[in-house]
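Take a look at the structure set out below.
Letters go in sequence order (proteins before strands), and every chain restarts at 1.
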There are 2 protein chains.
Amino acid sequence: MLATKHQNTIDNAVKANHERRFYSQYPEHPKAYGEEAPAKGADNFKKMLHQPFDQLLQTGAGSRVGEETSPYTLEKLGITYPAFTVSELVTNATNAARQWANTSATNRADILVETLERIKGYFFEIAHATMHTTGQSYMMSFQASGPHANDRALEAIAMGYEELQRFPAEQVWEKPMGKTSLQLHKTFKAVPKGIGLVIGCSTFPVWNSLPGIYADLITGNPVIVKPHPKAVLPIAIAISAIQKVLQENGFDPHLCQLAADSSEEPITKELCEHPLITLIDYTGGTAFGDYVESLKHKTVFTEKAGVNSVILDSVQDMDAVAQNLAFAVCLYSGQMCTAPQNFFIPEQGISTANGNLSFNEAAQKIKDAIAALVNNPKMGAGTLGAVQNDVTLRRAQDAYTLGGKVLLQGGPVVNEEFSNARVCSPTVLEVTSADQDIYEKELFGPVILIIKTKDTSHSIQLAKQLAQQHGAITCGAYTNDAVMKEKIAEEMNSVFTPVSFNFTGFIWVNQHAAFSDFHVTGGNPAGNASFTNQEFILKRFVWVGNREVVGS
Amino acid sequence: MLATKHQNTIDNAVKANHERRFYSQYPEHPKAYGEEAPAKGADNFKKMLHQPFDQLLQTGAGSRVGEETSPYTLEKLGITYPAFTVSELVTNATNAARQWANTSATNRADILVETLERIKGYFFEIAHATMHTTGQSYMMSFQASGPHANDRALEAIAMGYEELQRFPAEQVWEKPMGKTSLQLHKTFKAVPKGIGLVIGCSTFPVWNSLPGIYADLITGNPVIVKPHPKAVLPIAIAISAIQKVLQENGFDPHLCQLAADSSEEPITKELCEHPLITLIDYTGGTAFGDYVESLKHKTVFTEKAGVNSVILDSVQDMDAVAQNLAFAVCLYSGQMCTAPQNFFIPEQGISTANGNLSFNEAAQKIKDAIAALVNNPKMGAGTLGAVQNDVTLRRAQDAYTLGGKVLLQGGPVVNEEFSNARVCSPTVLEVTSADQDIYEKELFGPVILIIKTKDTSHSIQLAKQLAQQHGAITCGAYTNDAVMKEKIAEEMNSVFTPVSFNFTGFIWVNQHAAFSDFHVTGGNPAGNASFTNQEFILKRFVWVGNREVVGS
């Protein structure tokens, strides 16, 4: 037993969760992981290609599945994963549950941090796996699926560790009764809710899955992980590391199972509807998310689509703002749930430190900054990464048919390293505030809309309405006016949308930092859960108190 | 502004919520409230009869409603309450919301504790009002609607006060960037979810409503209180006290509104379905509770019906056990959601310190203890109180037709003070374990079933299944065997039902103490919420974080 090996890490993470200052257990610089790790990871990844994935401790699979294709090479990875029936997965989870439920929060936390340390040893394998399934750049793949995901996992472990110890395990309750008293011995148990299911997405297969996986595990629930069939490898590597540590510590590795399936024979609905699956974490499109939320007798945590706005009122330096926004738009080709889509600019333009900029001039600066970034040979391809799938690619390619005025037509960008890469630079459309049928939809991928409004109050009104009706995960805002800033904050916060003000330089609205930023508020249609607030943990177990007369 | 007047009370309550020892801010002895208070309360109650209730600060009602009847006199109270349309109620709440939302948690908590102190001044009026609407005995009316309800309210205030300060209001996030760093100024706001609706029941109009009312208010939400049309007065008095304190402190009294309606023209569904009502607390029957839980885009907290079991395995002294159970059964004629209904006894009987007791002997002892209590002229009528309504009375009177063997036929019991009182002593039926169609229903009121099982494991299996499928709020168990005790705890806790072991003497399974016992776990069909765990508070607001580049 590793008991208390990681106590310091856990205590620091608990403190960080409270304080919400900058905190990171896993550095985001590849160099922090040793000189040889990157090459070794790349090499191991290559060895996995065109082979059965054999690192899992799940045996007895009736068949194998595998259909991943690299967005960079457009070639199949050729890796197959063991496939199990829903019944097998649920039975395995049920068999593993009791021992884990009866394990203390301290021991669970310690073992789970050990699993993160084990995953750390595979960060570079996971980086390549992420790159060649999601289309993220190498650096983003490394950071998002490696240190950032592990930090988010640790955040969930720490939140769970603390909440599980919120109330005493036992207590004597003594009621004064005149000259005597009545004593009850009470025990308080955090009883796990059942079996968890974590449904992954094709763009962030690790970052969006680890919080649910670790939230389920720290609270004593076994978890079944159903990745998107086009992005299995990154999370399969993480799961294999988790399973090994569980087994080494005397637990059943089936506490955390991979449930790989195929696009042709998906098992997700059957899993969702199984009566013993009581917890569901879901990341993905709104239609399936609404289905998950509608299921009865399930506790669900969703992150669905949203329409993120940028409100431009006034700026110091429009060039700095445009560069910042251009990067936010181009980063992973707008395939982040936090990427801005709708840019609201008043028809009279934007005031700057150097005088007023007309609407057209402001739009032009944004367009030019995007074009400059895309065409920068050192920056363009690396920032854009690749488009994960053909549906997103076609949406971007056809964006010019949506209506409005095409300010910038997206198209192919050369990737020097991967000549076949599925790349498409952003399309920028100018529309009017009346074109709600265009801008009220999430246009996932490299498409942005610049919307002409009457004034900033009108911009706020539209952004608020979009967030309320269609969801929003982020909102960027630029203003030099303290009163307007307060108004934007109050209005957007009232629809449970956080605002990032006046971002320029090396910080972008897309980024949510573990231990500080709540990712998704849970309050609008973009999702009902938040990484990682207390609800994300508390809903996974039930406090039950027993009482006994002392001396009985 | 009262700021910090009650800081000590709040701090002690926060500490009590954590420790879960015996704690009470409001003593349960009437004597604690002064010699003259009881008579003054009785007198004031009489003055309210046959008058319009004029203590509310809600004006402009289009009509008045009132249909309460005393279960003790069977006479109408003749009190009328102002009635408002749903639209008026929601508009009033909306207008009151913003100022309260922008008030600090400290100020809110302080004002809310002041409202409890004001309510304290009406404890005896509320006691008589409760007695003559619910049928509870005078002492129970005083305790349940007075000090116990206020303690539960304070518990919710304290839980909210603490949770609202869980994260810093502002923080600087500084990310090291090599030789420089990046600074963001972050703010974290607990944004109230909207307007709360608290739907009361006819048996515990104050105790079951105050937690939701105070949970809504402490988290910044206005609340509309829709009492059962047959039990308005007790909560109307409490609301009038709340409104006065709010107004005295410069707030809109419509932050807490009474929404009285009539049985003929109920407004509950219209309130539930109003898009601006986002939070619903409900206590009552399962059918309406299931409707409330099925509403989309609402956060709901329910306490519905359950079937509570007692598992008899082995005892020290069966007479002491039978007396304890008899009181638990007779208390308020089984009209408590915590009252035991199904008594599981193995066919081979129960072992005691004085040898084995056969099934029939054990059943006989329970029956005899109930009969002795009911027929005790000093105890019977006072313990039973009165039956709240005719539906419950008929259910009890007709219980002998359910099937099984009638061990004890319930019937009228003389109440010396109120000769017309609607009183019915418990009916005891013996059934077999195969009679699930009889014992799987909640038989609200004075009806209990003694169920013959194969052995204690069989008893556990049936009690567990009932809790899982039909809900349970309590479970009593008697065993001298440590292994069996552990098994009962584990099995019942696995269906999220707390167990009270070996209760004899002056403590009964029906009682849940504020600051220590979670009332309803939220994990089985008896209800989805718990007084007062963190979820009961956290689901009422959303953490939203804004960020700004420092120096922008």
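Contact tally against chain B (heavy-atom pairs below 4.5 Å) for Lys193(A), Lys296(A), His185(A), Glu490(A): the top residue is Glu490(A). Note: Arg166(A) leads Arg166(A), His18(A), His297(A), Glu174(A) in heavy-atom pairs under 4.5 Å with chain B. Here Leu184(A) is the residue among Asn102(A), Asn533(A), Leu184(A) with the most heavy-atom pairs under 4.5 Å with chain B.
A cation-pi arrangement, defined by a distance under 6.0 Å to the six-membered ring centre and an angle within 45 degrees of its axis, is present between Arg540(A) and Phe536(A).
The environment of CZ in Phe506(A) is sparse: at most 12 heavy-atom neighbours from other residues, nucleotides or ligands sit within 6.0 Å.
Contact annotation for Phe518(A): only side-chain heavy atoms (C-beta onward) come within less than 4.5 Å of a heavy atom of chain B. For a residue to count as touching a neighbouring chain, one of its non-hydrogen atoms must lie under 4.5 Å from one of that chain's; by this rule Val172(A) touches chain B with the backbone only. In this structure, chain A has heavy atoms under 4.5 Å from both the backbone and the side chain of His512(B). In this structure, no portion of Tyr478(A) lies under 4.5 Å from any heavy atom of chain B. Heavy-atom distances place no part of Pro525(A) under 4.5 Å from chain B, backbone and side chain included. Within the 4.5 angstrom heavy-atom criterion, only backbone atoms of Asn17(A) (N, CA, C, O) approach chain B. At a 4.5 Å heavy-atom cutoff, Thr187(A) makes no contact with chain B through either its backbone or its side chain. If you measure heavy-atom distances from Lys485(A) to chain B, the contacts under 4.5 Å come from the side chain alone. Using a 4.5 Å cut-off between heavy atoms, Leu182(A) contacts chain B through its side chain alone, with no backbone atom that close. Proximity to chain B is limited to the backbone of Thr504(A), based on heavy atoms less than 4.5 angstrom apart. Only the side chain of Gln171(A) comes within less than 4.5 Å of a heavy atom of chain B; its backbone N, CA, C and O stay farther away. Residue contact with chain B, scored on non-hydrogen atoms closer than 4.5 Å, involves the side chain of Lys189(A) exclusively. Glu293(A) does not touch chain B: none of its heavy atoms, backbone or side chain, sits under 4.5 Å away. Proximity to chain B is absent for every atom of Met492(A), based on heavy atoms less than 4.5 angstrom apart. Within the 4.5 angstrom heavy-atom criterion, only side-chain atoms of Glu28(A), from C-beta onward, approach chain B.
Within the 4.5 Å cutoff, the side chain of Gln534(B) has heavy atoms near those of the Gln534(A) side chain.
Taking a cutoff of 4.0 Å between a charged side-chain nitrogen and a carboxylate oxygen, Lys304(B) and Asp290(B) qualify as a salt bridge.
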